[in-house]
Amino acid sequence: QVQLVESGGGLVQAGGSLRLSCAASGRTFSRYAMGWFRRAPGKEREFVAAISWSGSKTYYADSVKGRFTISRDNAKMTVYLQMNSLKPEDTAVYSCAAHLSVYSDRYYIGANDYDYWGQGTQVTVSS
């Protein structure tokens with residue numbers, strides 16, 4: 001089992017940057033594929049970015065491609081989401097999620113693929 005705690009959210013002006021962190025507990029973090037999702041007010045949760053357990057494979061939603069970067073440090077049991085060139089439409093609660101992927105070093109983009117979720121961190125981008 002793994003527990004996830006996000007941090008790094010806040011209020012930023014359009015065009016600014018934030019780096020979100022997701023700290024995990026558990027002994028097998030290095031075998032968890034990780035993902036970031038977000039939920040804006042009045043909208044469905046949407047996929048943002050995903051990374052395989054080795055960090056060698058990543059995938060992004062079209063809406064954030066070229067602006068956001070997902071990475072991980074397995075020694076620190078942390079996954080990051082660097083967000084640059086932020087837009088007001090990026091305003092949402094961002095949550096990280098984990099999926100135990102013992103046999104395959106791959107990413108997952110479906111929310112239903114993930115077994116564990118953090119509580120989320122609020123990101124607000126002002127225009």
Side-chain angles (χ1 to χ4, degrees):
Q1 191 171 0
V2 63
Q3 293 183 327
L4 305 172
V5 179
E6 302 94 338
S7 62
L11 174 65
V12 63
Q13 288 188 331
S17 298
L18 283 174
R19 188 176 82 154
L20 305 184
S21 298
C22 173
S25 63
R27 295 181 298 171
T28 58
F29 176 75
S30 61
R31 285 296 182 265
Y32 280 88
M34 302 295 294
W36 284 98
F37 292 77
R38 67 186 181 187
R39 188 191 297 269
K43 294 188 177 182
E44 297 291 319
R45 179 171 54 195
E46 66 170 338
F47 166 80
V48 176
I51 190 166
S52 65
W53 55 254
S54 73
S56 64
K57 301 179 179 69
T58 59
Y59 189 80
Y60 299 91
D62 288 343
S63 59
V64 307
K65 199 173 297 182
R67 300 189 298 122
F68 291 11
T69 302
I70 188 171
S71 62
R72 66 189 296 160
D73 185 332
N74 285 342
K76 295 183 179 179
M77 297 177 63
T78 301
V79 64
Y80 305 97
L81 185 68
Q82 178 67 45
M83 306 186 296
N84 298 329
S85 302
L86 282 161
K87 304 175 181 180
E89 51 263 44
D90 294 318
T91 294
V93 175
Y94 285 71
S95 299
C96 65
H99 172 81
L100 184 61
S101 184
V102 176
Y103 301 109
S104 178
D105 183 28
R106 55 164 290 190
Y107 53 75
Y108 297 83
I109 64 174
N112 291 337
D113 292 323
Y114 289 89
D115 309 301
Y116 304 101
W117 292 82
Q119 291 298 310
T121 185
Q122 176 70 47
V123 171
T124 302
V125 185
S126 63
S127 56

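Values below: all heavy atoms of this structure, side chains included; hydrogens, waters and symmetry mates excluded. It should be emphasised that the depicted structure is a prediction, and the values quoted were computed from it without experimental measurement.
Between the CD atom in Gln13 and the OG atom in Ser126 there is a gap of 5.0 Å [rounded to 0.5 Å]. The CZ atom of Arg31 sits 8.0 Å away from the CG atom of Asp105 when rounded to the nearest 0.5 Å. Here the OG-CZ distance, from Ser95 to Arg39, works out to 8.0 Å after rounding to the nearest 0.5 Å. The OG atom of Ser17 sits 9.5 Å away from the CZ atom of Phe68 when rounded to the nearest 0.5 Å.
Side-chain contact between Leu20 and Met83: present, with at least one pair of heavy atoms (C-beta onward) separated by less than 4.5 Å. Two residues are said to be in side-chain contact when any heavy atoms from C-beta on lie closer than 4.5 Å; Arg106 and Ser101 meet this criterion. Here the side chains of Gln119 and Val5 are not in contact, with every heavy-atom distance at 4.5 Å or above. For the pair Arg38 and Thr91, the minimum side-chain heavy-atom distance is 4.5 Å or more.
Summarising the hydrophobic clusters (Ile, Leu, Val, Met, Phe, Trp, Tyr; side-chain heavy atoms under 4.5 Å, direct or chained), the residues clustered with Tyr107 are Phe37, Phe47, Tyr59, Tyr108, Ile109, Tyr114, Trp117.
Checking Thr78 against Asp73 by side-chain atom types alone, no donor-acceptor pair falls below 3.5 Å.
Nearest heavy-atom pair across Ala111 and Arg45 is CB-NH2, 3.7 Å. Residues Val2 and Ser25 come closest through the heavy atom pair CG2-O, 2.7 Å. Pairing each heavy atom of Ser127 with each of Ala14, the nearest pair is CA-CB, 4.4 Å. Annotation for Thr69 and Tyr60: closest pair CA-OH, 3.3 Å, computed over non-hydrogen atoms. Pairing each heavy atom of Ala98 with each of Tyr32, the nearest pair is CB-CD2, 3.7 Å. Thr121 approaches Gly9 most closely through the heavy-atom pair OG1-N, 3.2 Å.
Hydrophobic cluster membership differs between Val79 and Val93, with clusters built from Ile, Leu, Val, Met, Phe, Trp and Tyr side chains linked at under 4.5 angstrom. Linking ILVMFWY side-chain heavy atoms closer than 4.5 Å, directly or via other members, places Ile51 and Leu81 in a single hydrophobic cluster. No single ILVMFWY cluster, assembled from side-chain heavy atoms under 4.5 Å apart, contains both Ile70 and Tyr80.
A salt bridge between Asp90 and Lys87 is absent, with no side-chain N of the basic residue lying under 4.0 Å from a carboxylate O of the acidic one.
A donor-acceptor pair is defined here as one N or O able to donate and one able to accept, closer than 3.5 Å; no such pair exists between the side chain of Asp115 and the backbone of His99. A donor-acceptor contact shorter than 3.5 Å links the side chain of Arg67 to the backbone of Ser85. A donor-acceptor contact shorter than 3.5 Å links the side chain of Asn74 to the backbone of Trp53.
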